[in-house]
Protein chains: 2
Amino acid sequence: MSNDEKIYQKILKAIVEHQLPPGARLPEDRLSEAFGVSRTGIRKVLQRLALEHFVVIARNKGAQVNHPSEDEALEVLDSRILIEPQLIEGVQSHWNAEQSERFRDLVEEEHEAEQVGEMASSIQATARFHYELAQLAGNSVLATFVEQLCYRSSLVIAAYGTRSSVSCDCGDHSQLLTLLDEGQTKKAQAWMKHHLQSIKKSLVLEGQEEQNIDFQRLFS
Amino acid sequence: MSNDEKIYQKILKAIVEHQLPPGARLPEDRLSEAFGVSRTGIRKVLQRLALEHFVVIARNKGAQVNHPSEDEALEVLDSRILIEPQLIEGVQSHWNAEQSERFRDLVEEEHEAEQVGEMASSIQATARFHYELAQLAGNSVLATFVEQLCYRSSLVIAAYGTRSSVSCDCGDHSQLLTLLDEGQTKKAQAWMKHHLQSIKKSLVLEGQEEQNIDFQRLFS
DNA sequence: TCCGTTTTAATTGTATACAATAATTAATAC
DNA sequence: GTATTAATTATTGTATACAATTAAAACGGA
């Protein structure tokens, strides 16, 4: 893996794991000395992150972690609701014992992270479950798009998520695996749709956005 | 629009209109003198085009117009087949006389370009019809993705297309507009699916070669 | 002529310098 | 003391220089 790619991965990880919260500034020189490269390499990475909507770059003002709008948040989830259930069919056709075991390991990782209370790795593992499943459907163009949507979802959850956004109350991913094991494609599709919809519902879209503080009253 | 953006648009246009054929090399210094900027700006644009799969960059070997593999070609079309029909519902709900007229104008442009035999603008207009329709569905995340898929389709057609890939034999886009006018959502969905499938079928999957390009004249 | 090696040229990778712009602080007038 | 302006600092935008790498040409021996 190239050096640029490693830097990209590290920053992206920090963003989706909420170590760099939405709105955090990302000055080029600070990053360049942190990673031990010149600004040139950092700029390249930031441009990429901007194209993928993980950061926003304002001319002459630099980059900061994207704080998705409410519209963007909903659209990201809606996109997943439209695509991911449709991929189940392809997943089912590639399903076998080996895959089943591999994904159960992933679910196990999710559980462990959640038990220990490590929000960061829990989010990471959950996203990974979804986009590795997408890869199995056999269309890498769509799989890449879903992967990006999963990461963007992490950012959305950072901005608007609640506890149940991470470990949603419709049950865990192992239920889906069981349905796939049993060859119940339709039910698996329905499960996936419901799963994503419940994540969407768990978002709280209000409050912290633009709170216009009335200093007059506050200090009178 | 920033200067970078203008350069990006021009190169992208040249690619999707087949003036820069798949496989064409894009040396940084040649482009930088053609556009009158330093290599820095050109590199930025090339990186973006690479992320969007319009060019491929090989380390120490530079960029060239992507020649999509057969797999990629099929996956791009399959992605559209999966997504675009699903957007019809949202399109229908936003449909009105004004939109109808706007899209009929677009179809008119397609016809004119085709009459004159201008492959380039014909391809451009056809892509535009599809992604502007996608925008109407009300999900800008998906619309952006569909837009990219449409442009990538132009590249696929450059590599594997035939005459009927651009002006497909299942009839023109005005048929879809009529269905939308009549509120026949299901039929419109089916039409869209069939339309994209017939484009996919029109591809002939085998290869060809490259040539030499005068960047100075192309971009002056 | 053909093949392999060596040398040369062309091209990209990375760092740095300087200019342009925005943000912050200091200064001044009222 | 406050508000407005000026000066300073910090940060990004762009071009260029040089190193690293690859591709191409020249060369020599069989």
Side-chain angles (χ1 to χ4, degrees), chain A residues 1-12 14-15 20-67 213 215-216 218-220, chain B residues 1-11 14-15 20-67 209-216 218-220:
Chain A
M1 192 190 299
S2 77
N3 199 28
D4 288 338
E5 184 71 17
K6 272 186 277 193
I7 295 173
Y8 166 81
Q9 293 290 348
K10 282 188 181 175
I11 298 181
L12 177 58
I15 293 175
L20 287 171
R25 296 192 61 191
L26 303 168
E28 297 175 0
D29 52 356
R30 225 68 61 75
L31 290 171
S32 68
E33 70 185 61
F35 285 106
V37 297
S38 80
R39 278 175 50 216
T40 309
I42 296 297
R43 282 178 73 81
K44 183 174 162 186
V45 171
L46 289 177
Q47 315 263 16
R48 175 172 175 187
L49 289 167
L51 284 174
E52 296 172 344
H53 301 96
F54 297 112
V55 310
V56 291
I57 296 179
R59 186 178 176 86
N60 285 317
K61 288 165 120 187
Q64 55 184 71
V65 178
N66 181 26
H67 190 306
I213 300 165
F215 292 104
Q216 203 67 29
L218 183 57
F219 298 118
S220 63
Chain B
M1 194 189 299
S2 76
N3 199 29
D4 288 338
E5 184 72 16
K6 272 187 276 193
I7 295 173
Y8 165 81
Q9 293 290 349
K10 280 188 181 176
I11 297 181
I15 292 176
L20 288 171
R25 297 192 61 193
L26 304 168
E28 296 175 0
D29 53 356
R30 223 71 59 74
L31 290 170
S32 68
E33 69 185 65
F35 285 107
V37 297
S38 80
R39 280 176 50 216
T40 308
I42 296 297
R43 285 179 70 83
K44 183 173 163 186
V45 171
L46 290 177
Q47 315 263 17
R48 175 173 177 187
L49 289 167
L51 283 175
E52 296 172 345
H53 300 97
F54 297 113
V55 310
V56 291
I57 296 179
R59 187 179 174 86
N60 286 316
K61 287 164 111 185
Q64 55 184 65
V65 178
N66 182 26
H67 189 307
E209 68 295 336
E210 57 189 283
Q211 57 223 52
N212 236 341
I213 295 114
D214 184 353
F215 292 106
Q216 203 68 39
L218 180 57
F219 295 120
S220 63

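What you see is a predicted model; the values in this text were computed from it and never measured.
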For D:dT12 and A:Lys61 - does any side-chain N or O of the residue sit under 4.0 Å from the phosphate oxygens OP1/OP2?
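Answer is no, no contact under 4.0 Å.
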
Starting at atom [atom1] of [X], determine the distance to atom [atom2] of [N], rounded to an integer number of angstrom.
| X | N | atom1 | atom2 | answer |
| --- | --- | --- | --- | --- |
| A:Glu5 | C:dG13 | CD | C1' | 16 Å |
| A:Asn3 | C:dT14 | CG | P | 8 Å |
| A:Gln64 | C:dA22 | CD | P | 15 Å |

So, taking the atom named [atom1] in [X] and the one named [atom2] in [Y], what distance separates them when rounded to the nearest 0.5 Å?
| X | Y | atom1 | atom2 | answer |
| --- | --- | --- | --- | --- |
| A:Gln47 | B:Gln47 | CD | CD | 8.5 Å |
| B:Leu20 | B:Asn66 | CG | CG | 13.0 Å |
| B:Lys44 | B:Thr40 | NZ | OG1 | 10.5 Å |

Is the closest side-chain heavy-atom distance between [X] and [Y] below 4.5 Å?
| X | Y | answer |
| --- | --- | --- |
| B:Ile7 | B:Lys10 | no |
| A:Val45 | A:Leu31 | no |
| A:Val55 | A:Ile11 | no |
| B:Ile42 | B:Leu26 | no |

Going by heavy atoms closer than 4.0 Å, what residues in residues 37-48 of chain A are next to DNA chain D?
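Listed by number, they are A:Arg39, A:Arg43.
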
Identify, residue by residue, the members of residues 27-36 of chain A with a heavy atom below 4.0 Å from DNA chain D, and return them in order of residue number, or none.
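Correct list: A:Pro27, A:Glu28, A:Asp29, A:Arg30.
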
Among residues at least two apart in sequence or on other chains, which ones pass side-chain hydrogen bond (donor to acceptor under 3.5 Å, both in side chains) with B:Glu28?
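B:Arg39, B:Arg43.
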
With sequence neighbours excluded, residues passing side-chain hydrogen bond (donor to acceptor under 3.5 Å, both in side chains) with A:Glu52:
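By the side-chain hydrogen bond (donor to acceptor under 3.5 Å, both in side chains) rule, A:Glu52 matches A:Tyr8, A:Arg48.
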
Who are the ring pair (Phe, Tyr, Trp, His ring centres under 6.0 Å) partners of B:Phe35, not counting sequence neighbours?
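With neighbours one apart ignored, the set is B:Phe219.
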
So which protein nitrogen or oxygen atoms get under 3.5 Å of nucleotides 19-21 of chain D's nitrogens or oxygens?
unit_1 : atom_1 : unit_2  : atom_2 : d
D:dT21 : O3'    : B:Asn60 : ND2    : 3.2

